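Let me begin by presenting the structure, written as structure tokens, before commenting on it.
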Protein chains: 2
Amino acid sequence: MGLVVQKYGGSSVADAEGIKRVAKRVVDAKRNGNQVVVVVSAMGDTTDELIDLAEQVSPIPAGREFDMLLTAGERISMALLAMAIKNLGHEAQSFTGSQAGVITDSVHNKARIIDVTPGRIRTSIDEGNIAIVAGFQGVSQEGKNITTLGRGGSDTTAVALAAALDAEVCEIYTDVDGVFTADPRVVKKAKKIDWISFEDMLELAASGSKVLLHRCVEYARRYNIPIHVRSSFSGLRGTWVSNEPQGDQQVEHAIISGVAHDVSEAKVTVVGVPDKPGEAAAIFRAIANAEVNIDMVVQNVSAASTGLTDISFTLPKAEGRKAIDALERAKGSIGFESLRYDDQIAKISLVGAGMKTNPGVTAGFFEALSDAGVNIELISTSEIRISVVTRADDVNEAVRAVHTAFGLDSDSDEAVVYGGTGR
Amino acid sequence: MGLVVQKYGGSSVADAEGIKRVAKRVVDAKRNGNQVVVVVSAMGDTTDELIDLAEQVSPIPAGREFDMLLTAGERISMALLAMAIKNLGHEAQSFTGSQAGVITDSVHNKARIIDVTPGRIRTSIDEGNIAIVAGFQGVSQEGKNITTLGRGGSDTTAVALAAALDAEVCEIYTDVDGVFTADPRVVKKAKKIDWISFEDMLELAASGSKVLLHRCVEYARRYNIPIHVRSSFSGLRGTWVSNEPQGDQQVEHAIISGVAHDVSEAKVTVVGVPDKPGEAAAIFRAIANAEVNIDMVVQNVSAASTGLTDISFTLPKAEGRKAIDALERAKGSIGFESLRYDDQIAKISLVGAGMKTNPGVTAGFFEALSDAGVNIELISTSEIRISVVTRADDVNEAVRAVHTAFGLDSDSDEAVVYGGTGR
């Protein structure tokens, strides 16, 4: 008998119908002879609504109380799911993150899991119950206060529980049929990926793919827990994410796994930086001190005539103001000419371990963009990824052109999107 | 320095504005030199929405999970209130029923408080915090499962905490200015009562007054905790409920406290019951076995010619089906002729300790109804209450007529209703 951890996102349990549909899937897994642990997010937009309420009440939500507030969402969905499962004639027990043994650090609102002690869950499933666990939440080791894990936290809860319980697989149910070669909302001919390595999945997640969050994949890789991303609506086989393909898992796209895009970033250009040692360090120290996370960094060669260079970087739009303020304050000591801020950009990335040994990939990528009339503003590469920054207006056309150029198009419009985006 | 327990119902914290208004009131009480413990209900219709969701998911909601579900509502409101108070520069900590030491029996969905061990609350307020406690919930002595107290449970939580903490007063904030001599929605000239005894308040609550629930008043009487019922909207002085009036609390209506009415009941008449010992017992045993709560019971003298009598009783409309079914099943063994069911009735009650020593009250009550053309169908009396059943259509006119006849009308239309009904 195997042990399966299933995770259902907010869009899968958005209403009573959704909860009943999920209950049937859970019971099916139990009937197939598995022990089943289910991690569930808050229903639909519940969390956003609670955050909105908190903002209306106070501009400075306190950490402890804010987490107490948010965890109410999972409390509702897990209790309803347990009821729905009982209604199908199976025994179910729901557990808060604290009851499930999800131990975190004390950083309210974005705590990190530091240990999982799933004794009550183990007892519950050994007694024949289906265990329902509230995702996204834990309890701090010090102080025993309720904490939340931040966006995507329920996926991490599921993977962490799967690791602690030595589960065979962590199934992440969502509103799409799996991981696609591109965002199916943009590319109608995007193909579902049958199997993808942890490494490629990490690069896709870092490049704007929303299906799995980086932190969750990182956790799964560290503990070698295979993830099966699939739809709670269709029930079709989805995408397996693991170290090596198993059994009948097909590896169709040996060179390229997919095309990701991201329109959530802005570009900052520091103009007229003296081209001498320590200047770049001073700029990024100022940014780091403002606690701004940056993504791509590009420096062009300096013009010999002036001895000045430009340094560009991208960062989440939400942090643009903080970064600009920090640089303006440091302008005197750093000594650059001016700042440019541009939030009408898109990042397009091509990901695939195969590009390491296929020198033509970079050229093919740029040719595809050029043929589509898309201008490239920045370029950044890693061993298994190439990213470019373009105008935001060009993003859909650029993604489609690259997708076609690398032979990723399916023969049919197979991609289906069922709902919103879960957490 | 005094200790005040304040309770705010769902209509007082229905939205962010309401929560901020409540936070100001709480902080005012703290600024006035009191230690403050606040009991809060779920926001607005949250509980009803959660119950509705549960019903959509399963027709047989399981006790433990149902309570886990419902308690999410108070978790939200208490966290938001704590945030709003912190935003006003005061320290606040929120506590679940379990954390606050509200110990109950194990009857899920309508648990009874059997002990309160408010150690954490005492520590919190002694450290200078305002303590926020989730109403309506507790934890079972056996099994340590989350329980809920049923309708009106938050009022009971507040009174029980006030008793355990030896508070000076339990303030129940609601959407009306206090207890009125009649429902102000029906009688525009209803007057706010300045002081009322526990006994009269118990009779009013039993007769359909919605401001305080019977169980809460009963608890306050047992532990002699004065209740101050007042509006969270107007901030006006409300109604004091206690053993004896204190200081400037006025006792205006020595004879009659008020007129209550109730349109939530139905009348069952068992027709043609043999007038012999044991018949009534058999009827009410059948009802009791079906776990139906009944209210008034009236038996007329039997007609000598037939040896048969009729027995009528009233009960909540929601339990009508169960009662009829139980009687139909027992018809053969009991031996009555037929059943009549009538849900178009109203109960009108006159309450006041003074009627014990004022023999004219009953006559005056019936005369007022007669003058208004209202027909009386059933009569039932206690030492300090007279109740009659009339047609539901007559209820407003009947209440107004009785209110006027006993000199309860105020000189102005002072009654104000601010919102819905809290829990």
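First the proteins, then the strands, lettered A, B, ... as listed; each starts at 1. Keep in mind that what you see is a predicted model, and the values were worked out from it rather than measured.
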query = What distance separates B:S58 OG from A:I85 CD1, expressed to the nearest 0.5 Å?
reply = 11.0 Å

ask   = So which of A:M78, A:Q93, A:Q56 has the biggest tally of heavy-atom pairs under 4.5 Å with chain B?
value = A:Q56

message = I'd like to check B:N87 versus A:V57 (side-chain heavy atoms, cut-off strictly below 4.5 Å). Are they in contact?
response = no

Over 12 non-hydrogen atoms of neighbours within 6.0 angstrom of NZ in A:K322 = yes

key: Contacts of residues 15-22 of chain A with chain B (heavy atom under 4.5 Å)   = A:A16, A:I19, A:K20

ask   = Looking only at heavy atoms, what is the nearest atom pair of A:E65 and B:A79, with distance?
value = O-CB, 3.3 Å

ask   = Between atom CG of A:L53 and atom CE of B:M83, what is the distance when rounded to the nearest 0.5 Å?
value = 9.5 Å

Report all side-chain donor-acceptor pairs from residues 97-105 of chain B shorter than 3.5 Å, counting only partners two or more places apart or in another chain.
from, atom 1, to, atom 2, distance (Å)
B:Q99, OE1, B:T96, N, 3.0
B:T104, OG1, B:T147, OG1, 2.8
B:D105, OD1, B:V107, N, 3.2
B:D105, OD1, B:R112, N, 3.1

key: Euclidean distance, A:M68 CE relative to B:F95 CZ, rounded to 0.5 Å   = 8.5 Å

query = Under a 4.5 Å heavy-atom cut-off, does chain A meet the side chain of B:A23, its backbone, both or neither?
reply = neither

message = Going by salt bridge (Lys or Arg N to Asp or Glu O under 4.0 Å), name the residues that satisfy it together with A:D45, two or more places apart in sequence or in a different chain.
response = none

inquiry  = At a 4.5 Å cut-off on heavy atoms, which part of A:I146 comes close to chain B: side chain, backbone, both, or neither?
reply    = side chain

key: Results of salt bridge (Lys or Arg N to Asp or Glu O under 4.0 Å) for A:R75 - residues two or more places apart only   = none

ask   = What is the minimum heavy-atom distance between B:A72 and A:I76, and which atoms define it?
value = CB-CG1, 3.4 Å

